[in-house]
Protein chains: 4
Amino acid sequence: MADSPRWRRRKEARPDEILEAALAEFAARGFAAARLHDIAAAAGITKGTLYLYFPSKEELFKAVVRGTILPRVAALEAVVEAAEAPAAVLLASLIQRWSELLQIPQICAIPKLVLSESGNFPDLARFYYDEVITRGLGLVRGLLRRGVAAGEFRPIDVDYAAFSVIGPLLLSMLWRHSLEPNGAAPLDGAALARSHADLLLRALSMEGRP
Amino acid sequence: MADSPRWRRRKEARPDEILEAALAEFAARGFAAARLHDIAAAAGITKGTLYLYFPSKEELFKAVVRGTILPRVAALEAVVEAAEAPAAVLLASLIQRWSELLQIPQICAIPKLVLSESGNFPDLARFYYDEVITRGLGLVRGLLRRGVAAGEFRPIDVDYAAFSVIGPLLLSMLWRHSLEPNGAAPLDGAALARSHADLLLRALSMEGRP
Amino acid sequence: MADSPRWRRRKEARPDEILEAALAEFAARGFAAARLHDIAAAAGITKGTLYLYFPSKEELFKAVVRGTILPRVAALEAVVEAAEAPAAVLLASLIQRWSELLQIPQICAIPKLVLSESGNFPDLARFYYDEVITRGLGLVRGLLRRGVAAGEFRPIDVDYAAFSVIGPLLLSMLWRHSLEPNGAAPLDGAALARSHADLLLRALSMEGRP
Amino acid sequence: MADSPRWRRRKEARPDEILEAALAEFAARGFAAARLHDIAAAAGITKGTLYLYFPSKEELFKAVVRGTILPRVAALEAVVEAAEAPAAVLLASLIQRWSELLQIPQICAIPKLVLSESGNFPDLARFYYDEVITRGLGLVRGLLRRGVAAGEFRPIDVDYAAFSVIGPLLLSMLWRHSLEPNGAAPLDGAALARSHADLLLRALSMEGRP
DNA sequence: AATGAATGAGGGTTCATTCAT
DNA sequence: TATGAATGAACCCTCATTCAT
């Protein structure tokens, strides 16, 4: 029994298993309504053990948000910054990459979680704003600016245009996470990405200009 | 003290005062973390009195969401359906009207509230999907369809295009409600509306087409 | 309307209507679980009005018990004291009279009520003991004593024999009130009275004695 | 203080300690008026700990009643069924055994508790009727039937006679529990048992019959 | 490292009682 | 006299957190 490999505890894997279980629970119920008992059970441990890894429910929650989202943002940034392609191509590619995140439920849960708990966790909202939103918006704005500067895009207010780019992508994540499980029509991420990119590129193009 | 009565009868005004206080509290903390004690205090009554008007915390929450959002949707519908103007004009007008809702914090709180609690209140999410989202999307889709049929807009996939229209508007509400209080740059609703409408109309226009 | 006789309030009748409703409610739920709201509703008035007639729930409860039981005891006492018949006849008659009380649910409820709440209402238990039990037992003991003195009954310990007389009668009331509504076999009060009287008279008789 | 731990693990002993404390509290106040806080304190624990052992106040109450009474009934049954003695001897023995239960306050509390709460706990009343009353009455009835069949007892209506046997025994329990603490004359259980048995045996005997 | 019994503060809910009308 | 809106104390129950094992 004691030496059965099934029961060998991988000490290093623990924190990640806990974070995964916690994300699922927090996403399903919100911070306040999530129970540590359920998180522990889902992670295959007991309540007391949680406290060996995280000092409180709050810290666990913050660790969940911080740990889940940052790597993704960095990945998207890399896509854009490394490339030399025309802005139009990069924009379409960025939208398409983002739409692929729709396949990952844990990712779709994060925006809802942060927006939901922004009132109770101001520092988390701030962190998310600084590390995710600002960087994400900056990514898009830089891209638009490049396009305008290169004469690919017509001159626009880049700051607000970025909202037109990102809004539908955020909407699709919230839709997937919060509405589809409650009877909403399922979303075809790829089709949405194509449609959105098509509209945006047309909106930005110089065509038809004198 | 002796000459100020402990309480006063205000049966008629009470429910609305309660709903207002409850919306503020639910919006700030979420359903689970909101305390009836605080809602009551904000409404100028005591906890027990809440139960003269609403049978439980849950029902109070549902009444808040239902009562706050429905009138607004109906108002927006009326704007579009009554008008005979070209689709492009209507679309710009719809976006501008919506952007005016950004001035009303209570309205901005609703989407977050529903998305946050969709996991704990499936029937509320369903109600919101049926009565708000479906009707809102339908409004936009009908408008786009009219424009396409009239030869004003180029032929597009109306279903997905509606996401491109609505996404940024939703984003602006969440931004105002959840991010601005936490350090995010303030949003100029009118400017955003102009920018978004400009991009959309360009994206939809026949110009530059053979 | 105002002069409709149906709605004429008989001020004098009020207290009794309240007592009746209160007895039913207290009997069904016990003192603590009975709700003044329900009592008032059953009496056709509102909660506040109760306080015009009784200063508190406790006093209402005491009035219920006191008002319901005392007249009955007095009636039974009169039966015995007035009569000149032989003790055996009187005993059978007393038992039969008592068994008739089984038809009156309100009466059957009283013993349970007093026994139930004796812990919370010591003065009520005391009152009941002094005014009902002592007098009831005294009635039976006096009767037995008369029979022994007259040579009708064999010499017995009158004090304890009274328990043998009264116990089954009490049991029948509790049975009717608490058990029959919960599936117990219905009791034939008259048959029980006959059987009990028959056994008692045989137990007390001189027959078979030298 | 520093050297006395705040609590100690006693998983095995706890349930019984709780049941004991709960019985005392329920017996003293009734179900509705009993406070879990007091029960917990009497058991040497805190309120929350109760819920580790019983899921609700109701279930605790039911466990109290079920756990306290069943063993006693079984014990009495064993006394009667195992014996080969004449019915008269058994009957006197049964009454005497029962009277010994008067020494155990917890037992005397049970009938009152069940009768009191029969309105609020129909299933408990049913359980008590099925498992205690029916079996107790059956015991007595079987014994009487044996005596009649053997020619020891005169022919009587066994069903009703059982009430004459049991009623005084129940009365003595209620007396002990509810009246003695409130000023009633103390009962001598042994003397009452002798008196009752004497009367019953005389009532049932064939003596003096032609 | 891991457990899970125990805690205790805090929340939702009920209801006897009060009092302006 | 009668109402019923309002109160506030008290109760059951939950659950994050602690700590002896």
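Throughout, a chain's letter reflects where its sequence line sits, starting with A, and its residues are numbered from 1.
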> Partners of A:Tyr128 by ring pair (Phe, Tyr, Trp, His ring centres under 6.0 Å), sequence neighbours excluded?
Replying inline: none
> In whole Å, what is the span from the CZ atom of C:Phe61 to the C1' atom of E:dT17?
Replying inline: 19 Å
> Starting at the 5' end of DNA chain E, which residue's closest nucleotide do you reach first, B:Glu58 or D:Gly44?
Replying inline: D:Gly44
>> Whole angstroms only, please: what is the CG-P distance between C:Leu52 and E:dC19?
In response: 14 Å
>> Holding to side chain to side chain donor-acceptor pair (under 3.5 Å), I want the full list of residues that pass it with A:Thr46, two or more places apart in sequence or in another chain.
In response: A:Thr49
> With sequence neighbours left out, which residue pairs that include part of residues 28-48 of chain D fulfil the salt bridge (Lys or Arg N to Asp or Glu O under 4.0 Å) condition?
Replying inline: D:Glu25-D:Arg29, D:Arg35-D:Asp38
> Side chain of A:Lys57: nearest nucleotide among E:dT7, F:dT7, F:dT17?
Replying inline: F:dT17
>> From CD of D:Glu17 over to C1' of E:dA5, roughly how many Å is that when rounded to an integer?
In response: 14 Å
> Given F:dA6, is OP1 or OP2 found less than 4.0 Å from the side-chain N or O atoms of B:Thr49?
Replying inline: no
>> Pairs counted only when both distances fall under 3.5 Å, Watson-Crick or G-U: show me the 5' to 3' dot-bracket for DNA chain E, [ ] for pseudoknotted crossings and | for other-strand partners.
In response: .||||||||||||||||||||
> Given atom CD of C:Glu59 and atom P of E:dT17, what is their separation to the nearest angstrom?
Replying inline: 10 Å
> What residue among C:Ser118, C:Ser178, C:Ser116 forms side-chain hydrogen bond (donor to acceptor under 3.5 Å, both in side chains) with D:Ser116?
Replying inline: C:Ser116
> Between atom CD1 in B:Ile18 and atom P in F:dT7, what is the gap in whole Å?
Replying inline: 10 Å
>> Taking side chain to side chain donor-acceptor pair (under 3.5 Å) as the definition, give me every residue that meets it alongside B:Glu17, ordered by chain and number, with sequence neighbours left out.
In response: B:Arg10
> For C:Tyr51 and F:dA5, what is the distance between atoms OH and C1' respectively, to the nearest whole Å?
Replying inline: 15 Å
> Excluding sequence neighbours, so at least two apart, what forms side chain to side chain donor-acceptor pair (under 3.5 Å) with C:Glu131?
Replying inline: C:Arg135
>> Tell me whether the NZ or CZ atom of A:Arg66 lies within the 45° cone about the ring axis of A:Phe127 and under 6.0 Å from its centre.
In response: yes
> Between atom OH in A:Tyr53 and atom P in F:dT17, what is the gap in whole Å?
Replying inline: 18 Å
> Does D:Arg14 put a side-chain nitrogen or oxygen below 4.0 Å from OP1 or OP2 of E:dA6?
Replying inline: yes
> Rounded to whole angstroms, how far apart are CG on A:Leu60 and C1' on F:dT17?
Replying inline: 14 Å
> Is there a donor N/O on one and an acceptor N/O on the other, under 3.5 Å, for the side chain of C:Lys47 and the base of E:dT17?
Replying inline: yes
>> Applying ring pair (Phe, Tyr, Trp, His ring centres under 6.0 Å), can you list everything that pairs with A:Phe121, at least two apart in sequence or on another chain?
In response: A:Phe31, A:Phe61
> Any idea which of F:dT3, E:dT3, E:dT7 is nearest the D:Ile45 side chain?
Replying inline: E:dT7
>> Using a strict heavy-atom distance below 4.0 Å, which residues from residues 29-41 of chain C are in contact with DNA chain E?
In response: C:Ala34, C:Arg35, C:Leu36
>> Once salt bridge (Lys or Arg N to Asp or Glu O under 4.0 Å) is applied, what residue pairs with a partner in residues 112-124 of chain D remain, sequence neighbours excluded?
In response: D:Lys62-D:Asp123
